Amino acid sequence: MKLAMTDMDIVWEDKAANRAWCEKSMAEAAKKGADVILFPEMTLTGFSMDVEKIRDREGEDVRFFAGAAREYRLAVGFGYVSRKGEKGRNHFCLLNRRGEVLADYEKIHPFTCGGEAAAYEGGDTICHTVLEGMTCGLFICYDLRFPEAFQRLPMDTDAVFVIANWPRERLPHWYALLRARAIEMQCYVAGINRIGSGGGLTYEKSSAVFSPDGILLPATDGKYNRYVELHRESRLSYIREFPTRRDRRPDIYRE
């Protein structure tokens, strides 16, 4: 699987401007032969607490990415916001090359310290799907700090995708946790973060993929994206030699 990692400078709460950038990014990814492209959390708005302003009205955000997926024959992962009742839901949606929804994950852990829990309520379902022949799990930003959720993914998980708006001052945590989840899960872990500034926070180029043995994978550069290849057979070969997940004792951990 060839993965396009975006380094997107999200224009604060400006969906039109961000759609235009995403179009260019997806066009490049298609030309580079990518199988899937991943965008950061709340792709078209940035990490805003103004649910009513930024929510996906009538499914227009999902339709935009679905149309692009069909046009460029490219699987697409992106973030958007819905509203259910008094609060919003923070989504990570993954589409196949035909623009069909493979998975639509709702962030389980709102970031209470940053005020997210006041505007958004958490989802209650661990999410995984099959993309390009690989079993993939989906998480968003703050979820990365909760290994228990990752361990609930299937044993045959090949890759985990984490989309985020993770600020510059906490980047040491970002890299450490991405690597830790990869080692624990013995799978690829891809973290897709935004750059630039928005909502009073600053973000730095830090999208990254770690291999099942915790090694940072080198990426090739494009104008809009960076590209990494994930190989399922390499992961299977590694876990055949060193199958640590099989020794887990979840019954005891629950007690």
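This is a predicted model, so every value here is computed, not measured. The residues of the chain are indexed from 1 along the displayed sequence. All values below were derived from every heavy atom in this structure, side-chain atoms included, with hydrogens, water molecules and symmetry-related copies excluded.
- Between E52 and R83 there is a salt bridge, with a side-chain nitrogen of the basic residue lying less than 4.0 Å from a carboxylate oxygen of the acidic one.
- Following chains of ILVMFWY side-chain contacts shorter than 4.5 Å, one cannot reach M155 starting from V160, and the two form parts of different hydrophobic clusters.
- For R57, the CZ atom is densely surrounded, since the number of other residues' heavy atoms within 6.0 Å is greater than 12.
- Between G137 and T157, the shortest heavy-atom distance links the atoms N-CG2, 4.3 Å.
- Within a 6.0 Å radius of NZ in K24, other residues, nucleotides and ligands contribute 12 heavy atoms or fewer.
- Environment of CZ in R245: crowded, with over 12 heavy atoms of neighbouring residues, nucleotides or ligands closer than 6.0 Å.
- Residues satisfying the ring-ring contact (aromatic ring centres under 6.0 Å, His included) criterion with Y224, sequence neighbours excluded, are W21.
- Residue pairs meeting the side chain to side chain donor-acceptor pair (under 3.5 Å) criterion with at least one partner in residues 68-79, sequence neighbours excluded, are E23-Y72.
- The aromatic rings of W174 and W166 lie tilted to each other, with the angle between the two planes from 30° to 60°.
- Listed by chain and residue number, H109, Y142, E148 satisfy the side-chain contact (heavy atoms from CB on, under 4.5 Å) test with F146 (two or more places apart in sequence, or in another chain).
- Annotation for Y238 and P212: closest pair CE2-O, 3.6 Å, computed over non-hydrogen atoms.
- For D56, the salt bridge (charged side-chain N to carboxylate O under 4.0 Å, His left out) criterion is met by no residue, not counting sequence neighbours.
- Heavy atoms of other residues, nucleotides or ligands lying less than 6.0 angstrom from CG of D124 number 12 at most.
- Scanning both residues, S207 and N193, for their nearest heavy atoms gives OG-N, 3.0 Å.
- Residues F39 and V76 form a side-chain contact, since some pair of their non-hydrogen atoms from C-beta on lies under 4.5 Å apart.
- Residues D61 and T43 have side chains not in contact (no heavy-atom distance under 4.5 Å, counting atoms from C-beta outward).
- Looking at Y80 and D104, their side chains come closer than 4.5 Å, going by heavy atoms from C-beta outward.
- Residues in residues 180-190 take part in these side chain to side chain donor-acceptor pair (under 3.5 Å) pairs, two or more places apart or across chains: R181-E184, Q186-T244.
- Proximity of a side-chain donor or acceptor of Y203 to a complementary backbone N or O of S206 within less than 3.5 Å is not detected.
- Between F139 and V189, the closest side-chain pair of non-hydrogen atoms is not below 4.5 Å.
- Taking N18 as the reference, nothing meets the side-chain hydrogen bond (donor to acceptor under 3.5 Å, both in side chains) condition, with sequence neighbours excluded.
- By the rule that hydrophobic residues join a cluster once side-chain heavy atoms approach within less than 4.5 Å of another member, V51 and F78 end up as members of separate clusters.
- Residues F92 and F161 keep their aromatic ring centres 6.0 Å or farther apart.
- Side chains of S211 and D213: a donor on one and an acceptor on the other come within 3.5 Å.
- Counting only heavy atoms from C-beta outward, the side chains of C22 and F65 approach each other to under 4.5 Å.
- With side-chain heavy atoms closer than 4.5 Å counting as contact, directly or through intermediates, I183 stands alone and belongs to no larger hydrophobic cluster.
- Heavy-atom minimum distance, M134 versus D158: CA-OD2, 3.4 Å.
- Two residues are said to be in side-chain contact when any heavy atoms from C-beta on lie closer than 4.5 Å; H128 and P154 meet this criterion.
- Side chain of R179 to main chain of G214: a donor-acceptor pair is present (N/O by atom type, distance under 3.5 Å, no hydrogens or angles).
- Side-chain contact between K15 and T45 is present, with heavy atoms from C-beta onward closer than 4.5 Å.
- Nearest heavy atoms, A4 versus Y227: CB-CE2, 3.5 Å.
- Hydrophobic clustering, with ILVMFWY side chains joined whenever heavy atoms are under 4.5 angstrom apart, keeps I54 apart from M8.
- With values rounded to the nearest 0.5 angstrom, L201 atom CG is found 9.0 Å from R194 atom CZ.
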field: M26 vs L74, side chain to side chain contact (heavy atoms under 4.5 Å, CB included): CA-CA, chis, key distance, verdict
entry: CA-CA 8 Å; M26 288 184 282; L74 186 67; 4.2 Å; yes

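- The existence of a salt bridge linking K223 and E28 is excluded, since no basic side-chain nitrogen approaches an acidic carboxylate oxygen closer than 4.0 Å.
- Residues passing the side-chain hydrogen bond (donor to acceptor under 3.5 Å, both in side chains) test with E169: none are found, sequence neighbours excluded.
- L171 and L144 fall within the same hydrophobic cluster, where Ile, Leu, Val, Met, Phe, Trp and Tyr residues are linked whenever their side-chain heavy atoms come under 4.5 Å apart, directly or through other members.
- Among residues two or more places apart in sequence or in another chain, the ring-ring contact (aromatic ring centres under 6.0 Å, His included) test is passed with F64 by none.
- To the nearest 0.5 Å, atom CG of residue L153 and atom SG of residue C187 are 7.5 Å apart.
- For T135, there are no side-chain hydrogen bond (donor to acceptor under 3.5 Å, both in side chains) partners, not counting sequence neighbours.
- Atom CG of N225 is separated from atom NZ of K32 by 9.5 Å, given to the nearest 0.5 angstrom.
- With sequence neighbours left out, R248 forms a side-chain hydrogen bond (donor to acceptor under 3.5 Å, both in side chains) with Q151.
- Annotation for E58: atom CD does not count as buried by contact number, only 12 or fewer foreign heavy atoms lying within 6.0 Å.
- Residues passing the side-chain contact (heavy atoms from CB on, under 4.5 Å) test with A20, sequence neighbours excluded: none.
- The distance from atom CD1 of I37 to atom CE of M5, rounded to the nearest 0.5 Å, is 11.0 Å.
- Atom CD1 of I126 and atom OH of Y105 lie 6.0 Å apart (nearest 0.5 Å).
- Here the rule is side-chain hydrogen bond (donor to acceptor under 3.5 Å, both in side chains) with N90, and of E121, E106, E41 only E41 fits it.
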- prompt: Can you check side chain to side chain contact (heavy atoms under 4.5 Å, CB included) on H173 and R145, steps first, answer last?
  reply: CA-CA 9 Å; H173 294 189; R145 294 183 180 273; 3.0 Å; yes

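- Residue P110 comes nearest to G122 through the heavy atom pair CG-N, 3.6 Å, listed as atom of the first residue, atom of the second, then distance.
- At a threshold of 4.5 Å between non-hydrogen side-chain atoms, the residues I163 and L138 do not count as touching.
- Both M1 and V162 sit in one connected hydrophobic cluster of ILVMFWY residues. Membership requires side-chain heavy atoms under 4.5 Å apart, directly or through other members.
- For the pair E233 and R240, the salt-bridge criterion is met [side-chain N within less than 4.0 Å of a carboxylate O].
- Using bins of under 30°, 30° to 60° and over 60° for the plane-to-plane angle, the ring pair Y175/F210 lands in the perpendicular bin.
- Rounding to the nearest 0.5 Å gives a distance of 12.5 Å between NE2 of H231 and OG of S237.
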